[in-house]
S.K.: 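Sending over a structure as structure tokens; questions will come in a sec.
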Amino acid sequence: MSLSGSRAKTESDAGGWSNSLLSFWRREFGRTDPTRVGDLVFFPICISATFGVITGVCFAARARFLDPAFVAYSIGVDVGLQIVILLLALLLAFITRRRVWSGVLFAIGFFCLLAIPDFVKLVLPGVAHLLAWFIGLLGAFQIVRAVNRNRHSRFALWMIAGPALVAVCVLAYAPVRETSQRATLPAPLNTPNVLIIIVDTLRADHLSPYGYARDTSPYVNQLAQQGVLFEHAIAPSSWTLPSHASMLTGLYPYQTGVENDKDILSGSLPNLGDAMESRGYRTAAFSANYYFFSRSRGFIHGFTHFEDYAQSIGGILEKVPLSQFILKKLSQSTWGWKTAFFGVKNAANAEQINEDAMDWIETGRRPFFVVLNYMDVHAPVLPPEPYLHIYTKRTDAWNESLHFDSTCYNVPKELCETERPEFIDTYDGAIRYVDLSIQHLLSQLNDRGILRNTIVVFTSDHGQEFGDHLLWGHHKSLYRSEIQVPLIIWKPGLVPPSVRVQTPVTTTDIPATILDLTSSGDNQADNLALPGRSLAALWNSSQPVSGWPEPISELARLHWFDKRAPNYDSPVRSIVTPEWHFIRQQDKDLLFDLKTDPDETHDQCSNQPAVCTALRLRLQAAEGSQTQVH
């Protein structure tokens, strides 16, 4: 056989393959019918609206909580994204002088290529990434093929009408729910209002009343002088989700079952909001942390109104599956920037929280129970001017804060220690901003004659590491820097002024304390009790209270950031006494003398083996004495 003959056969085979492929393309996508408006706009939007409903519901089902508003946001984001892709596709068709219909096909196909793999991951979380993309490609092809053959006209109408009706209904759900719950509240009692202010990620030792050198919190200092300050308040965990769950239920994390980042607070657990509603209180929460202290995490139970700002532009883009998928791909190495522009830092600052809380408080005359969560001190720390530069003169402080957050919290480098003073400067500036915001809020309540009949609780959910023990951030350990938080209770006439309690306490006792302070003496109204002990016993007694429960802190095994974190491979537990802090981490016991070693740099277990053994047994006994109730 000659070489020329072989070459001719090869070219013929190649021509055959290309001709077959071209024939296939013309047969499937060579549309000759006139283009209609419905083909250009209507059906692409139908597809995206339908995907929005499906992915929104699946996402909510996977999270075991159906937030109706979230379904509407999912529809809106998917439709908006399809419109953007459609416009870009039409522009591409115009520039390349191709048929407009080709641009529409491209828009539909590309949208499906994005949406279908995301949907597959929601339904089948364990499916391999490449398999999901392959299914997406096949799905996109089939949808485009159906549209090209005019098979969409029968079902296009309900594909847009159905999601539109769903969106309208779910957006109306929240106000209807709040109105109906208010109507069923029992008769209000003559009891004080309650305001709990939680400053996310606030270390106690960076506040003026706790002895900090900088005057970061002059107004909080005034509250402390007029109320009760707990010098050793211990958070039940070192990150937001389990700590908030405990502060509202009176249960430790191992009892609520809220220990990991995928956990949700069960609505079957009675919480402080439920108890206050049973006493005739209006209840509301305003949280800038829509990641964890949010409706979707189960905290809506017990609150008539819950505003977590998930409907902000950043919140919607981060939580809706399709946009979340895109943002993740676009920001693999820019976590700090994404958080600043699209994340919780874009949701609400303290000023916005105060404004919305005041608007809600003034909508009724009943006593209110309100919980606020400020995120301004949480990383990336970006307080508004002049507070960004109140303690630093660096012109690049804003950029440095973002850079620090993106690098040092994951895998700390030597540069982190060098930049540590600058980061602390911005952190302290954020505290000063929050302090002024609290002053403005309470001043507004005072001007309206509300404050004099309001119990104010000021605290935090956890602390923060600044290179202590070679760690940065939080949710990594249970050292004092991560679990010691401020706790101040203020109410003239009900709470004595200028009292400092030295007994270590847990913020898990806040619910029992609030129920004690708002008790009306009516057994029927006060029938819903919560676990824990009222902290009022510590300031009402002229003698030290013996046998007070020693606070426990817990931290689950979390594979989040730094592999050097104590909880990367195993959970961590700790117990605090007036003299000692015992930590059980990585199957190793640590013991610190709180009086002589407040920075916890010298382990005393080898010097105090008997104390170590006794505290280990007490920690085990404390956890074993109560059963899990989740």
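Count residues from 1 along the sequence.
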S.K.: Output yes when a side-chain donor or acceptor of Asp461 lies under 3.5 Å from a complementary backbone atom of His244, and no otherwise.
M.R.: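 Checking the backbone N and O of His244 against the side chain of Asp461, no donor-acceptor pair under 3.5 Å is found.
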
S.K.: Between the side chains of Asp308 and Ser287, does any donor sit under 3.5 Å from an acceptor?
M.R.: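 Side-chain D/A pair, Asp308 to Ser287: absent.
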
S.K.: Considering residues at least two apart in sequence or located in another chain, which fulfil the side-chain hydrogen bond (donor to acceptor under 3.5 Å, both in side chains) criterion with Arg533?
M.R.: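 With sequence neighbours excluded, Arg533 shows a side-chain hydrogen bond (donor to acceptor under 3.5 Å, both in side chains) to no residue whatsoever.
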
S.K.: Identify the heavy atoms of Ser243 and Ala235 that sit nearest to each other, and give their distance.
M.R.: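 Closest pair (atom of Ser243, atom of Ala235, distance): OG-CB, 4.1 Å.
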
S.K.: Report yes or no: does Thr513 contribute a side-chain atom to a donor-acceptor pair with the main-chain N or O of Leu535 at less than 3.5 Å?
M.R.: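 The answer is yes, because a donor-acceptor pair under 3.5 Å joins these two groups.
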
S.K.: If I take atom CG from residue Leu195 and atom CG from residue Leu441, how far apart are they, to the nearest 0.5 angstrom?
M.R.: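 Rounded to the nearest 0.5 Å, the CG-CG separation comes to 6.0 Å.
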
S.K.: Can you tell me how far the OG1 atom of Thr216 sits from the CD1 atom of Ile431, to the nearest 0.5 Å?
M.R.: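 Atom-to-atom, Thr216:OG1 and Ile431:CD1 are 5.0 Å apart.
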
S.K.: Side chain to side chain contact (heavy atoms under 4.5 Å, CB included) with Met247: which of Leu272, Val457, Thr508, Ile198?
M.R.: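 Looking at Leu272, Val457, Thr508, Ile198, the match for Met247 under the side chain to side chain contact (heavy atoms under 4.5 Å, CB included) is Ile198.
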
S.K.: For Gln464 and Thr201, test the side chains for any donor-to-acceptor distance below 3.5 angstrom and give the result as yes or no.
M.R.: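 There is no such pair (donor and acceptor under 3.5 Å, judged by atom type) between the side chains of Gln464 and Thr201.
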
S.K.: So, the side chain of His389 versus the backbone of Arg394: is there a donor-acceptor pair under 3.5 Å, distance only?
M.R.: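 Judged by distance alone, yes, a pair lies under 3.5 Å.
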
S.K.: Within the 4.5 Å heavy-atom criterion, are Ile483 and Ser574 side-chain neighbours or not?
M.R.: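 Ile483 reaches Ser574 side chain to side chain.
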
S.K.: Compare all side-chain heavy atoms of Asp261 with those of Leu241 and state whether any distance is below 4.5 angstrom.
M.R.: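 No. Closest side-chain heavy atoms not under 4.5 Å.
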
S.K.: Shortest non-hydrogen contact from Phe230 to Leu538?
M.R.: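 That would be CE2-CD1, 4.2 Å.
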
S.K.: Ser553 and Arg573: side-chain donor and acceptor closer than 3.5 Å?
M.R.: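 No donor-acceptor contact under 3.5 Å links the two side chains.
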
S.K.: State whether the side chain of Asp356 and the backbone N or O of Ile353 hold a donor-acceptor pair below 3.5 Å, judged by distance alone.
M.R.: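 No, because the side chain of Asp356 does not come within donor-acceptor range (under 3.5 Å) of the backbone of Ile353.
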
S.K.: Under 3.5 Å, is there a donor-acceptor pair linking the side chains of Gln439 and Asp435?
M.R.: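 Looking only at side-chain atoms, Asp435 and Gln439 do not form any donor-acceptor pair under 3.5 Å.
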
S.K.: Assess the side chains of His206 and Tyr212: does a donor N or O sit below 3.5 Å from an acceptor N or O?
M.R.: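 A pair is found: one side chain offers a donor N or O, the other an acceptor, under 3.5 Å apart.
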
S.K.: State, without any angle test, whether Asn271 and Thr249 hold a side-chain donor-acceptor pair at a distance under 3.5 Å.
M.R.: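 The criterion, which ignores hydrogens and geometry beyond distance, is not satisfied for Thr249 and Asn271.
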
S.K.: State, without any angle test, whether Ser477 and Glu482 hold a side-chain donor-acceptor pair at a distance under 3.5 Å.
M.R.: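 Their side chains do contain a donor-acceptor pair, which is all the 3.5 Å distance test asks for.
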
S.K.: Salt-bridged, Glu231 to Arg500, with N to O below 4.0 Å?
M.R.: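 A salt bridge links Glu231 with Arg500.
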
S.K.: Under 4.5 Å between any side-chain heavy atoms of Glu554 and Ser237, yes or no?
M.R.: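 In short, these two side chains do not touch, never coming nearer than 4.5 Å.
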
S.K.: Are there over 12 heavy-atom neighbours, none belonging to Arg452, within less than 6.0 Å of that residue's CZ?
M.R.: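 Check fails, neighbour count at 12 or below.
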
S.K.: For the atom pair CG (Leu530) and CG (Asp516), what is the distance rounded to the nearest 0.5 Å?
M.R.: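 Leu530 atom CG to Asp516 atom CG measures 12.5 Å (nearest 0.5 Å).
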
S.K.: Do the ring planes of Trp360 and Phe286 sit parallel (below 30°), tilted (30 to 60°) or perpendicular (above 60°)?
M.R.: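 Aromatic pair Trp360/Phe286 classed perpendicular.
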
S.K.: With side chains defined as the heavy atoms from C-beta onward, is the minimum distance between Asn453 and Pro192 less than 4.5 Å?
M.R.: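 Yes; the side chains approach each other to less than 4.5 Å.
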
S.K.: Do we see a donor-acceptor contact under 3.5 Å between the side chains of Asn354 and Tyr374?
M.R.: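 Yes - a donor-acceptor pair under 3.5 Å links their side chains.
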
S.K.: Taking Thr601's backbone N and O only, do any of them form a donor-acceptor pair with Asp597's side chain (distance below 3.5 Å, no angle check)?
M.R.: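 Confirmed, Asp597 side chain pairs with Thr601 backbone.
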
S.K.: Quick one, Phe293 with Phe299, criterion ring pair (Phe, Tyr, Trp, His ring centres under 6.0 Å). Give me CA distance, side-chain angles, the key distance, then yes/no.
M.R.: CA-CA 7 Å; Phe293 184 40; Phe299 289 100; 5.1 Å; yes

S.K.: Would you call Asp425 and Arg420 a salt bridge, using N to O less than 4.0 angstrom?
M.R.: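 So Asp425 does not pair with Arg420 through a salt bridge.
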
S.K.: Working note: Thr506 + Ile552, criterion side chain to side chain contact (heavy atoms under 4.5 Å, CB included); need CA distance, chi angles, decisive distance, verdict.
M.R.: CA-CA 7 Å; Thr506 173; Ile552 295 172; over 6 Å; no

S.K.: Is there a donor-acceptor contact under 3.5 Å from the side chain of Thr613 to the main chain of Ala610?
M.R.: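 Such a contact is absent between Thr613 side chain and Ala610 backbone.
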
S.K.: Does either side chain, that of Trp472 or that of Glu465, offer a donor lying less than 3.5 Å from an acceptor on the other one?
M.R.: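 Side chains of Trp472 and Glu465: no pair found under 3.5 Å.
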
S.K.: Ignoring hydrogens, what is the shortest heavy-atom contact between Cys605 and Asp603? Give both atom names and the distance.
M.R.: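 Distance-wise, the nearest heavy atoms are N-OD1, 3.0 Å.
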
S.K.: Looking only at non-hydrogen atoms, find the nearest pair between Val572 and Leu478 and report the distance.
M.R.: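 Answer, listing the atom of Val572 first, then Leu478: O-CD1, 3.4 Å.
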
S.K.: Is it the case that the side chain of Arg279 and the backbone of Thr518 share a donor-acceptor pair, with hydrogens and angles ignored and the cut-off at 3.5 Å?
M.R.: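 Indeed, once roles are kept as given, a pair shorter than 3.5 Å links the two residues.
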
S.K.: Between His469 and Phe592, how do the two ring planes meet: parallel, tilted or perpendicular, split at 30° and 60°?
M.R.: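 The rings of His469 and Phe592 sit tilted, inter-plane angle from 30° to 60°.
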
S.K.: Is it true that Tyr281 and Phe368 have ring centroids separated by less than 6.0 Å?
M.R.: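 Tyr281 vs Phe368: aromatic centres not under 6.0 Å.
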
S.K.: Roughly how far apart are Ser266 OG and His301 NE2, rounded to 0.5 Å?
M.R.: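 The OG atom of Ser266 sits 7.0 Å away from the NE2 atom of His301.
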
S.K.: Can you give me the closest heavy-atom contact between Pro367 and Asn193, atom names plus distance?
M.R.: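 For Pro367 and Asn193, the tightest heavy-atom pair comes out as CA-OD1, 3.1 Å.
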
S.K.: Side chains of Gln225 and Ser498: donor-acceptor distance under 3.5 Å anywhere?
M.R.: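 No.
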
S.K.: Hey, are Gln444 and His440 close enough side-chain-wise for a donor-acceptor pair under 3.5 Å?
M.R.: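 Their side chains do not contain a donor-acceptor pair, so the 3.5 Å distance test is not met.
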
S.K.: Does Lys588 offer a backbone N or O that forms a donor-acceptor pair with the side chain of Gln586 under 3.5 Å?
M.R.: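 Here the side-chain-to-backbone pair does not exist.
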
S.K.: Is any side-chain heavy atom of Leu555 closer than 4.5 Å to a side-chain heavy atom of Trp239?
M.R.: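 In contact.
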
S.K.: Any chance the side chains of Tyr210 and Ser217 put a donor and an acceptor closer than 3.5 Å?
M.R.: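 Side-chain D/A pair, Tyr210 to Ser217: absent.
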
S.K.: Nearest 0.5 Å, please: how far is CG in Leu594 from NE2 in His581?
M.R.: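 It is 7.5 Å, given to the nearest 0.5 Å.
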
S.K.: Between Leu229 and Val499, is there a side-chain heavy-atom distance shorter than 4.5 Å?
M.R.: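 No, too far: nothing below the 4.5 Å cut-off.
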
S.K.: Should Lys595 and Asp593 count as an ion pair when the cut-off is N to O under 4.0 Å?
M.R.: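 A salt bridge is absent here (no side-chain N lies under 4.0 Å from a carboxylate O).
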
S.K.: Indicate whether the side chain of Asp200 and that of Asn289 have a donor and an acceptor atom separated by less than 3.5 Å.
M.R.: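 Present: a donor and an acceptor within the cut-off.
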
S.K.: Answer whether the closest heavy-atom distance between the side chains of Ile196 and Ile510 falls below 4.5 Å.
M.R.: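 The answer is yes, as the side chains (C-beta and beyond) meet within the 4.5 Å cut-off.
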
S.K.: Considering non-hydrogen atoms only, spot the tightest contact between Pro218 and Ser208 and give its length.
M.R.: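 Looking at all heavy atoms of both residues, the closest pair is N-OG, 4.4 Å.
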
S.K.: Closer than 4.0 angstrom, basic N to acidic O: yes or no for Asp468 and Arg203?
M.R.: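 Result for this pair is yes, salt bridge flagged.
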
S.K.: Given 3.5 Å as the limit, does a donor-acceptor pair link the side chain of Tyr391 with the main chain of Thr426, or not?
M.R.: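 Pair absent, no side-chain N/O of Tyr391 close to backbone of Thr426.
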
S.K.: Please determine whether the number of non-hydrogen atoms from other residues, nucleotides or ligands lying under 6.0 Å from atom CD of Gln502 exceeds 12.
M.R.: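 For Gln502, atom CD is not crowded (no more than 12 foreign heavy atoms under 6.0 Å).
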
S.K.: Parallel, tilted or perpendicular for Tyr252 and Tyr254, by the 30°/60° rule?
M.R.: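 Tyr252 and Tyr254: parallel rings.
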
S.K.: Is the His474-His378 ring centre distance short of 6.0 angstrom?
M.R.: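 Ring centres of His378 and His474 closer than 6.0 Å.
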
S.K.: If you define the side chain from C-beta out and look only at heavy atoms, does anything of Tyr479 sit under 4.5 Å from Asp599?
M.R.: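 They are not in side-chain contact.
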
S.K.: Roughly how far, to the nearest 0.5 Å, is the CG atom of Leu207 from the CG atom of Asp428?
M.R.: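 It comes to 9.5 Å.
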
S.K.: Centres of the Tyr387 and Tyr433 rings: under 6.0 Å?
M.R.: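 Yes, they do, as the ring centres are separated by less than 6.0 Å.
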
S.K.: Return yes if some donor-acceptor pair links the side-chain N/O of Asp376 with the main-chain N/O of Ala430 below 3.5 Å, else return no.
M.R.: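 Side chain of Asp376 to backbone of Ala430: no pair is present.
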
